[in-house]
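Report on one structure; see the data block that follows.
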Amino acid sequence: MQEFDAASLALPGIRELQPYQAGKPIEEVERELGISNIVKLASNENPLGVSHLVKEALTDKINSLARYPDANGFYLKQALAQKFAIDTNQITLGNGSNDVLELLARTYVTDHHEVIFSQHAFVVYPLVTKAIGATPVAVTAKEYGHDLDAMLAAITDKTRMIFVANPNNPTGTFLSTEALESFIANVPKNILVVLDEAYYEYVPSDVRAPSFSWVNTYPNLVVTRTFSKAYGLAGLRAGYAVSNAKVADLMNRIRQPFNMNELALTAAMAALQDEAFLQNSVQVNAEGMAQITAFCDARGLSYIPSHGNFITIRFGANSAEINQKLLEKGVIVRPVAGYELPEHLRVSIGLPEEMDAFYRAYDEIVAEAQHG
Ligand SMILES: *Cc1c(COP(=O)(O)O)cnc(C)c1O
């Protein structure tokens, strides 16, 4: 009789995966370190919380939760289509945009294919690639951002998909509309380009790419967006892809019918209506970003200029130690050693008082180090 060997029976791509490492939840730090009043600046969440329109809509929905959600998300797709001047049949809804990233890989990539992304890019790209058993091709970054020419040069006969994050997480780097469009135009049409715009709303409107309209010009382009960041719904899981209608049709065939639940559908629709909340979120972020860069400049800390709601700061060789000391002082930030940035920590932009807690904790750590 043979022994049951869970690992060797699993698909080779999955056997070698490292699970996604999320930012430490507040409750976990409370439990482990026995402290309270914790500030979490680790997962690029919206520090303003949830729009009041969302709260009201969710309260109303509680009584209908015994019913299955609308499998096609009719009303949310209508709302998105109207807001962004696209067709409802171009939209694929997801349980967070992570879900649509995975759907894309599962729709188009096999274990014979190569998938290109940038060094220091979002960790979900290698994750979904390896899960399928496809070959990840990480292209060396240029000034921490995507080197689009090198990414074009990395294309082979086996390339099937290219992920581009704009702005990128965890570096916050940003590609101009011109650079991006020229890249997309130069990718052969038998390769899908997935443009991940999770931080789109934080980009000033005059420099945003007209990415949804590009989908009509470039049928191999898929754009993903999320309600997790500026819209403040990370806990609910709501994201979507906009693509050529044929791509959307194929993705919808393997999508779990109820992958976006009733509360997520409801909240996303309400969030789309609260333009004031969105504006305020962007404003609070811009102010926090100006303040933290000034803080870094004053202390001689270098950082990667960011277009998102976070900033990745270079603390040097003892960044892991600084991370631990910040935790002990109740400030959770995000180590990015897993992104080949071992000397950096990523700090999400929080409310002014949360940022103050980070500034205070960092200055204390420096002072304590100086006094031995
Ligand atoms: C946060 C983030 C997402 C969004 O994830 P959700 O699954 O929608 O919460 C996608 N891409 C990048 C680059 C991100 O940083």
Side-chain angles (χ1 to χ4, degrees), residues 19-23 25 40-47 50 54 73 76 80 91-106 115 117-129 131 138 141 144-146 161-175 180 193-203 209 211 222-242 251 255-256 259-261 263-265 267-268 271-272 281 285 304 306-312 333-336 338-339 341 344 346-349:
Y20 178 81
Q21 293 204 334
K40 184 184 177 201
L41 301 171
S43 299
N44 304 345
E45 296 142 339
N46 191 325
V50 176
V54 169
L76 176 58
L80 286 168
I91 302 170
T92 307
L93 298 178
N95 185 31
S97 59
N98 269 287
D99 187 27
V100 288
L101 295 172
E102 192 197 338
L103 283 176
L104 276 160
R106 285 177 50 220
V115 174
F117 46 83
S118 176
Q119 179 191 20
H120 313 312
F122 193 38
V123 72
V124 167
Y125 313 148
L127 211 145
V128 300
T129 302
Y144 297 108
H146 294 65
M161 188 166 280
I162 305 178
F163 287 105
V164 176
N166 201 45
N168 184 44
N169 169 26
T171 59
T173 48
F174 183 69
L175 299 160
L180 204 49
V193 178
V194 180
L195 177 59
D196 178 347
E197 293 188 325
Y199 301 96
Y200 174 85
E201 296 80 11
Y202 294 105
V203 176
S211 47
V222 183
V223 182
T224 64
R225 300 251 181 104
T226 182
F227 288 94
S228 297
K229 308 285 159 62
Y231 287 103
L233 299 180
L236 269 178
R237 316 306 301 127
Y240 60 100
V242 171
M251 284 168 71
R255 180 179 66 83
Q256 284 183 36
N259 66 338
M260 226 171 132
N261 69 65
L263 293 180
L265 288 168
L272 278 181
S281 303
N285 186 63
I304 309 170
S306 172
H307 293 77
N309 63 347
F310 57 89
I311 186 164
T312 295
V333 299
R334 185 66 162 273
V336 281
Y339 289 89
L341 295 166
H344 290 74
R346 191 191 68 193
V347 182
S348 304
I349 306 300

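Ligands are counted one by one from 1 in listed order, and the atoms in each one are counted from 1 as well.
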Of the choices Y231, Y199, Y240, F163, which has the non-hydrogen atom that lies closest to atom 15 (O) of ligand 1? Y199

Just wondering, do T312 and T171 contact through their side chains at under 4.5 Å, heavy atoms? no

Just jot down the ligand 1 atoms closer than 4.0 angstrom to any heavy atom of [X], in number order.
X	answer
G96	7 (O), 8 (O)
A198	2 (C), 3 (C), 10 (C), 11 (N), 12 (C), 14 (C)
S228	6 (P), 8 (O), 9 (O)
R237	6 (P), 7 (O), 9 (O)
N169	13 (C), 14 (C), 15 (O)

Nearest 0.5 Å please: distance from the CG atom of N261 over to the CG atom of L236. 6.5 Å

Any chance you could lay out the side chain to side chain contact (heavy atoms under 4.5 Å, CB included) test for V100 and V222, step after step, and finish with the verdict? CA-CA 10 Å; V100 288; V222 183; over 6 Å; no

Nearest protein heavy-atom contact for atom 4 (C) of ligand 1: which residue, which atom, what distance? S97 OG, 3.1 Å

Any idea which protein heavy atom is nearest atom 3 (C) of ligand 1, and the distance to it? K229 NZ, 3.4 Å

Would N44 and Y199 count as having a side-chain donor-acceptor pair, cut-off 3.5 Å? yes

I'd like to know if the side chain of [X] reaches the main chain of [Y], judged simply by a donor and an acceptor atom lying under 3.5 Å from each other, with no hydrogens or angles considered.
X	Y	answer
E102	V128	no
N285	I349	no
R225	Y240	no

Please confirm whether D196 approaches ligand 1 to less than 4.0 Å, judged on its heavy atoms. yes

Taking a cutoff of less than 4.0 Å between a non-hydrogen atom of the residue and any ligand atom, is G239 in contact with ligand 1? no

Looking only at distances, please establish whether an N/O atom of ligand 1 is found under 3.5 Å from an N/O atom of N44. no

Would D99 count as being in polar contact with ligand 1, using the rule that some N or O on each side must be under 3.5 angstrom apart? no

Using the six-membered ring wherever Trp is involved, compare the ring planes of Y125 and F122 and label them parallel, tilted or perpendicular (cut-offs 30° and 60°). perpendicular

When every non-hydrogen atom of F310 is compared with those of G172, the smallest separation belongs to CE1-N, 3.4 Å

Measure N98 to ligand 1 on non-hydrogen atoms and call it side chain, backbone, both or neither using the 4.0 Å cut-off. both

